[in-house]
Number of protein chains: 2
Amino acid sequence: MSSASKPEPQRSVTLATFLPYRLNVLATVVSGGLGRIYGERFGIGIPEWRVLATIGEFKRITAKAIGQHSEMGKVKISRAAASLEERGFIQREANVDDLREMFLTLTPAGQSVYDEIVPLALNYAAQLTADLSPDEEATFGMLLDRLLARARKEFDGSEP
Amino acid sequence: MSSASKPEPQRSVTLATFLPYRLNVLATVVSGGLGRIYGERFGIGIPEWRVLATIGEFKRITAKAIGQHSEMGKVKISRAAASLEERGFIQREANVDDLREMFLTLTPAGQSVYDEIVPLALNYAAQLTADLSPDEEATFGMLLDRLLARARKEFDGSEP
DNA sequence: TATTGTTATACTCTATAACTATA
DNA sequence: TATAGTTATAGAGTATAACAATA
């Protein structure tokens with residue numbers, strides 16, 4: 001037998017190597033950088049950006065469906081949508097088949113803002129991964145998805 | 001020549017594949033799960049956990065040094081430290097060589113809480129990566145570091 | 001003058017529940 | 001009864017600046 005008797009349980013957490021911490025730091029820095037792009041130029045925050053991006057992607061969509069595609073609860077979406085409507089970036093129209101629902105669409109002004117943000121956001125994401133080879137980028141994305149799936153199973157603190 | 005003339009610039013952002021969004025979602029779910037561990041049992045939040053963890057790691061450290069090791073500004077640290085002191089988890093003692101500074105240390109109660117949290121936190125992190133091979137885990141960590149380095153260079157929205 | 005740390009203020013984000021109107 | 005969405009409220013977290021004490 002080797003000198004390794006029992007693996008010593010670790011008695012401290014090294015923050016710098018602790019995955020939840022590092023993920024949080026990276027996400028914060030990345031979100032902050034991206035937030036400047038749409039925050040400074042268009043005065044919108046993360047929830048508003050997500051709603052705008054989801055409508056931009058699906059063109060005509062209910063708040064509930066936005067929630068399913070953007071990891072946000074109905075409260076956050078409702079407020080973000082109200083704020084975007086105030087600024088004239090989106091419109092609401094009732095769904096005649098179910099009057100509880102409202103379809104959200106971009107106004108021309110909203111489409112224009114969206115069209116301005118998209119290349120900036122894509123460029124930002126591209127800059128972020130500029131040091132990675134395409135393979136590394138794909139690997140990172142794949143591992144990220146697996147971690148996310150695991151985290152959801154393990155414990156999903158997300159909104160109902 | 002092939003039919004590929006110019007690569008079409010992308011006209012929309014697909015949220016589900018957009019890296020800043022995915023990082024944010026993963027970090028939020030992971031932070032939320034971990035936050036339950038120290039939140040529900042010990043009534044502390046993320047800034048308090050980071051301060052506790054940093055003191056636990058370095059044993060005796062100033063607020064400024066905590067800031068350098070934990071990505072937090074002095075204001076957040078000051079408040080987290082005040083809260084931890086109120087609960088009797090940490091102590092402050094002046095640095096006689098520079099009275100502007102205060103060394104922070106864990107009290108026996110704080111050490112005991114820390115000793116309870118450490119294995120829970122390590123286990124949480126281990127569960128998170130349970131689906132990854134050691135190689136994959138190392139690769140993910142390496143890529144995460146490179147992304148973080150790039151994000152900081154590209155734009156560091158962190159506190160001064 | 002510059003630095004460590006605290007306090008004040010205001011703003012964003014989040015979580016919960018109560019409410020409405022429709023189904 | 002259940003669902004889509006809104007409103008109310010309170011709690012975290014964050015950013016900024018102003019401040020006190022010390023260097």
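Convention: sequence-line order gives letters A, B, ...; per-chain numbering from 1.
Considering only heavy atoms from C-beta on, B:Leu132 comes within 4.5 Å of A:Arg146 through its side chain. Residues A:Pro47 and A:Arg79 are not in side-chain contact: their nearest non-hydrogen atoms beyond the backbone lie 4.5 Å or more apart.
Checking B:Thr28 against B:Asn24 by side-chain atom types alone, a donor-acceptor pair falls below 3.5 Å.
Atom-to-atom, CD of A:Glu93 to C1' of D:dA4 comes out at 16 Å; the value is rounded to the nearest Å. Put simply, CD1 on B:Ile46 is 7 Å from P on D:dT14, counting in whole angstrom units. Atom NZ in B:Lys76 sits roughly 17 Å away from atom P in C:dT12 (whole-Å rounding). Protein atom CG of B:Asp97 is 16 Å distant from nucleotide atom C1' of C:dT3, rounded to whole Å. The separation between A:Glu40 atom CD and D:dA15 atom P is 13 Å, rounded to whole Å. A:Glu85 places its CD atom 10 Å from the P atom of D:dT7, with the value rounded to the nearest Å. Rounded to an integer number of Å, the gap from CD1 of A:Ile66 to P of D:dT6 is 10 Å. Distance CE (A:Met72) to P (D:dT6): 13 Å, rounded to an integer number of Å.
Looking at A:Arg87 and A:Glu48, a side-chain N of the basic residue comes within less than 4.0 Å of a carboxylate O on the acidic one, giving a salt bridge.
Aromatic ring pairs are classed by plane angle as parallel below 30°, tilted from 30° to 60° and perpendicular above 60°; the pair A:Tyr114 and A:Trp49 is parallel.
In this structure, A:Ile44 and A:Leu99 both approach DNA chain C, and ranking their closest nucleotides by distance from the 5' end singles out A:Ile44.
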Task: Protein-to-nucleotide contact annotation, 5' to 3' order, nucleotides 4-9 of chain C [B base; S sugar-phosphate only; - none; under 4.0 Å, heavy atom] - done: BBBBBB

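To the nearest 0.5 Å, the span separating CD1 on B:Ile37 from CD1 on B:Ile117 amounts to 9.0 Å.
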